[in-house]
**Q** 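Please see the structure below; I have some questions.
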Amino acid sequence: MNRSTISLVAGLVATSLVACGDGDGTLTGPPTGTIEVTISTTGSTLDPDGYTIALDGLDRRVVGLNDTTTFSEVAAGSHSVELLDATSNCRTATGNSTAVVVTAGATAVVALDVSCAFALRDQIAFESTRAGSDIFVMGSDGSNPTNLTGDVTGFARSPSISPDGTKIAFHFERDLFVMDADGTNRTLVVANSRVGRADWSPDGAWLVFAGGSLPPDIFVVRPDGSDLAQITHDSLPVLQPDWAPDGVRIVYTRSIIPDNNVEVYLMNADGSDQRNLTNNPTFDFGAAWSPDGTRIAFDSVRDGDGEVFVMNADGSDQVNLTDNAFGDGGPTWSPDGTRIAFLSTRDGNGEIYVMNADGSGQTNISNNPASDSSPSWGP
């Protein structure tokens, strides 16, 4: 390389260094600013663990319910601030992701106002005749039983708690309703829906239920009553649908009239690919998915009385969990999948029992002389 070439290269380097500096040859980085995020939480059933705030999905900070965190040296330009790890009953009015523009040398302020709706946490809703026919809720240990529908006269039955714990679907007389988890704001969803408990889709956006003209078929509907759609067109009665945690499958009960039998069936959420899971000459019905989607609890009378069985999601390995001489049925899983609540008549009346998922530790938690039944375990 000759002297003139070396001089040219040196000049280009020097020019580049000045261009990247402050004009005096001092190197500087890209222009930056600051983002200050303030969290304000109101409502009830507050998130016990606080939240996580993420900047552009990468820089994450744990914050309290009413807290402030600051992101420093943020490159000037557009960014996103996201609220993460909030319980499903806690939301911001504008959604959990907020766009923010950072100006060099300035602080951009983001205010996140979080509102938490009342929600049931580790509670069991159930039907009881202790004050007529009403929907009650109680702790999973049987504590603090509370009547949610005692202000109305009629048959309230078959409760189903929404995935976020803020709503309960139930039947009043022959109609399907949804109410807030404290029993207020009751809204008619479907009139004359006829039979059985409705179940929620995992995202809480839909209800599935059996109804329509006889014999009943299975329908889906939004909780506000919109977008009603029939997903089975069966010549035989189909009942008791239960939505899988993956959102793409539904188990249900199907009558086999020529064989005078009832079986647990599985289908896709659009009604396709229907197949028999239990394949037993006696009645099997009332299926309920485990929270991880690997197992299904169901009722069976194959030993001469009602029992709670469990099987794998493909119908294999069917095991009797209750195994006694009384009527047991109507299983519902705890949120962590370690326990099952169910109806039992072993005390001479309907009571809500809880047992471990292997059938051990069967315990009466309702302990009331009235008839208690149809448990639904909330999140």
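Bear in mind that the values here come from a model prediction, so they are computed numbers and not experimental data. Along the sequence shown, the residues carry numbers beginning at 1.
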**Q** Calculate, to the nearest 0.5 Å, the distance between atoms OG1 and CG belonging to Thr345 and Asp328 respectively.
**A**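 Thr345 OG1 to Asp328 CG: 6.5 Å, rounded to 0.5 Å.
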**Q** Quick one: CH2 on Trp377 to CG on Leu120, what's the gap to the nearest 0.5 Å?
**A** 13.5 Å
**Q** If every non-hydrogen atom of Asn147 is compared with every non-hydrogen atom of Thr149, which pair is closest and at what distance?
**A**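 Shortest heavy-atom separation between Asn147 and Thr149 comes out as OD1-N, 3.0 Å.
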**Q** Are Leu148 and Asp134 close enough that some pair of their side-chain heavy atoms sits under 4.5 Å apart?
**A**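 Of all side-chain heavy-atom pairs linking Asp134 with Leu148, none is under 4.5 Å.
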**Q** Would you give the length of the straight line joining atom CG of Asp305 to atom CZ of Phe326, rounded to the nearest 0.5 angstrom?
**A** 9.0 Å
**Q** Should Arg186 and Asp175 be marked as a salt bridge (charged side-chain N to carboxylate O under 4.0 Å, His left out) after you check the CA-CA gap, both sets of side-chain angles, and the distance that decides it?
**A** CA-CA 12 Å; Arg186 299 172 193 135; Asp175 302 330; over 6 Å; no
**Q** Run Arg197 and Ser374 through side chain to side chain contact (heavy atoms under 4.5 Å, CB included) and show every step you take.
**A** CA-CA 9 Å; Arg197 176 161 59 195; Ser374 195; 3.5 Å; yes
**Q** Looking just at side-chain N and O atoms, do Asp234 and Thr232 make a donor-acceptor pair shorter than 3.5 Å?
**A** no
**Q** Find the distance between CG (Asp59) and CG (Asp56) and round it off to the nearest 0.5 Å.
**A**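 Between Asp59 CG and Asp56 CG, I get 9.0 Å after rounding to 0.5 Å.
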**Q** Please report the interatomic distance CZ(Arg222) to CG(Leu228), rounded to the nearest 0.5 Å.
**A**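 Those atoms lie 12.0 Å apart.
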**Q** Looking at Ser162 and Lys167, would you say the former's side chain and the latter's main chain have a donor-acceptor pair under 3.5 Å?
**A** yes
**Q** Please give me the minimum heavy-atom distance between Thr322 and Gln362, naming the atom from each residue.
**A** CA-NE2, 3.6 Å
**Q** Give the cluster check for Phe298 versus Trp333: same hydrophobic cluster or not, with ILVMFWY residues linked at side-chain heavy-atom distances below 4.5 Å.
**A** no
**Q** Is there a donor-acceptor contact under 3.5 Å linking the side chains of Asn66 and Ser40?
**A** no
**Q** Under 3.5 Å, is there a donor-acceptor pair linking the side chains of Thr52 and Asp85?
**A**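 Present: a donor and an acceptor within the cut-off.
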**Q** Do Val137 and Phe177 sit in the same hydrophobic cluster, where Ile, Leu, Val, Met, Phe, Trp and Tyr count as joined when their side-chain heavy atoms come under 4.5 Å apart?
**A**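 Per the 4.5 Å side-chain linkage, Val137 and Phe177 are co-clustered.
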**Q** Do you reckon Val152 sits in the same ILVMFWY cluster as Phe170, going by side-chain contacts under 4.5 Å, direct or chained?
**A** yes
**Q** Test your reading of the model: is there a side-chain donor-acceptor pair from Glu351 to the backbone of Asn367, 3.5 Å cut-off?
**A** yes
**Q** Using 4.0 Å as the upper bound for N to carboxylate O, is an ion pair formed by Arg249 and Asp270?
**A** no
**Q** In Å and rounded to the nearest 0.5 Å, what is the CZ to CD distance from Arg157 to Glu173?
**A** 8.0 Å
**Q** Are the side chains of Asp47 and Leu65 in touch, meaning some heavy atoms are under 4.5 Å apart?
**A** yes
**Q** Take Leu46 and Thr41, measure what side chain to side chain contact (heavy atoms under 4.5 Å, CB included) needs, and give me the verdict at the end.
**A** CA-CA 8 Å; Leu46 305 184; Thr41 303; 3.9 Å; yes
**Q** Side chains of Arg339 and Asn356: is there a donor and an acceptor less than 3.5 Å apart?
**A**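 The criterion, which ignores hydrogens and geometry beyond distance, is not satisfied for Asn356 and Arg339.
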**Q** If you group Ile, Leu, Val, Met, Phe, Trp and Tyr by side-chain heavy-atom gaps below 4.5 Å, do Ile135 and Met138 land in one group?
**A**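 No, no single cluster joins them.
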**Q** For residues 102-117, please give each side-chain donor-acceptor pair under 3.5 Å, one per line with the distance, not counting sequence neighbours.
**A**
none

**Q** Name the residue from Val81, Val63, Leu83 that meets the side chain to side chain contact (heavy atoms under 4.5 Å, CB included) definition with Val37.
**A** Val81
**Q** Show every ring pair (Phe, Tyr, Trp, His ring centres under 6.0 Å) that has at least one partner inside residues 74-126, sequence neighbours left out.
**A** Phe126-Phe136
**Q** Decide yes or no on side chain to side chain contact (heavy atoms under 4.5 Å, CB included) for Glu127 and Asp372, but give the supporting numbers first.
**A** CA-CA 6 Å; Glu127 175 185 336; Asp372 299 322; over 6 Å; no
**Q** Please tell me whether Gln240 and Asp242 have a donor and an acceptor in their side chains that are separated by less than 3.5 angstrom.
**A** no
**Q** Could you report the tightest heavy-atom contact between Pro223 and Ala205, atom names first, then the distance?
**A** CD-O, 3.2 Å
**Q** Relative to each other, are the rings of Tyr265 and Tyr252 parallel, tilted or perpendicular (30° and 60° limits)?
**A** tilted
**Q** State whether a side-chain donor-acceptor pair under 3.5 Å links Thr45 with Asn89.
**A**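 Side chains of Thr45 and Asn89: no pair found under 3.5 Å.
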**Q** Is it the case that the side chains of Asn349 and Ser371 hold a donor-acceptor pair, with the cut-off being a distance below 3.5 Å and no angle test?
**A** no
**Q** What's the shortest heavy-atom distance between Ser290 and Thr294, and which atoms?
**A**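 Closest approach of Ser290 to Thr294, heavy atoms only: OG-N, 3.4 Å.
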**Q** Are Arg254 and Leu236 side-chain neighbours, meaning at least one heavy-atom pair lies under 4.5 Å?
**A** yes
**Q** Taking everything shown except Asn260 itself, do over 12 heavy atoms lie less than 6.0 Å from its CG?
**A**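 Counting other residues, nucleotides and ligands, CG of Asn260 stays at 12 neighbours or fewer.
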**Q** If hydrophobic clusters are built from ILVMFWY residues whose side chains come within less than 4.5 Å, do Val308 and Val310 share one?
**A**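 As far as the 4.5 Å side-chain criterion goes, Val310 and Val308 are connected within one cluster.
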**Q** Under 3.5 Å, is there a donor-acceptor pair between the Ser366 and Asn368 side chains?
**A**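 Judged by distance alone, the side chains do not pair up.
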**Q** Under 6.0 Å from the six-membered ring centre of Phe71 and within 45° of its axis: does the NZ or CZ of Arg61 meet both?
**A** yes
**Q** So, for Ile231 and Ala269, which heavy atoms are closest and what is the spacing to 0.1 Å?
**A** CD1-O, 3.7 Å
**Q** With the side chain counted from C-beta on, respond yes when Ile161 and Pro159 share a heavy-atom pair under 4.5 Å apart, and no when they do not.
**A** no
**Q** Can you give me every donor-acceptor pair (side chain of residues 278-287, partner residue at least two apart or in another chain, under 3.5 Å) with its distance?
**A**
{"unit_1": "Thr278", "atom_1": "OG1", "unit_2": "Glu263", "atom_2": "OE1", "d": "2.4"}
{"unit_1": "Thr278", "atom_1": "OG1", "unit_2": "Val264", "atom_2": "N", "d": "3.0"}
{"unit_1": "Asn279", "atom_1": "OD1", "unit_2": "Asn276", "atom_2": "ND2", "d": "3.3"}
{"unit_1": "Asn279", "atom_1": "ND2", "unit_2": "Asn276", "atom_2": "O", "d": "3.1"}
{"unit_1": "Asn280", "atom_1": "OD1", "unit_2": "Thr282", "atom_2": "N", "d": "3.1"}
{"unit_1": "Asn280", "atom_1": "OD1", "unit_2": "Thr282", "atom_2": "OG1", "d": "2.6"}
{"unit_1": "Asp284", "atom_1": "OD1", "unit_2": "Ser300", "atom_2": "OG", "d": "2.6"}
{"unit_1": "Asp284", "atom_1": "OD1", "unit_2": "Arg302", "atom_2": "NH2", "d": "2.9"}
{"unit_1": "Asp284", "atom_1": "OD2", "unit_2": "Arg302", "atom_2": "NH2", "d": "3.1"}

**Q** Please determine whether side chain to side chain contact (heavy atoms under 4.5 Å, CB included) holds for the pair Thr98 and Glu82, giving the CA-CA distance in whole Å, both sets of side-chain angles, and the decisive distance to 0.1 Å.
**A** CA-CA 6 Å; Thr98 302; Glu82 190 172 6; over 6 Å; no
**Q** Could you pull out the closest heavy-atom pair between Gly293 and Pro245, with the gap in Å?
**A**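 The answer is N-CG, 3.8 Å.
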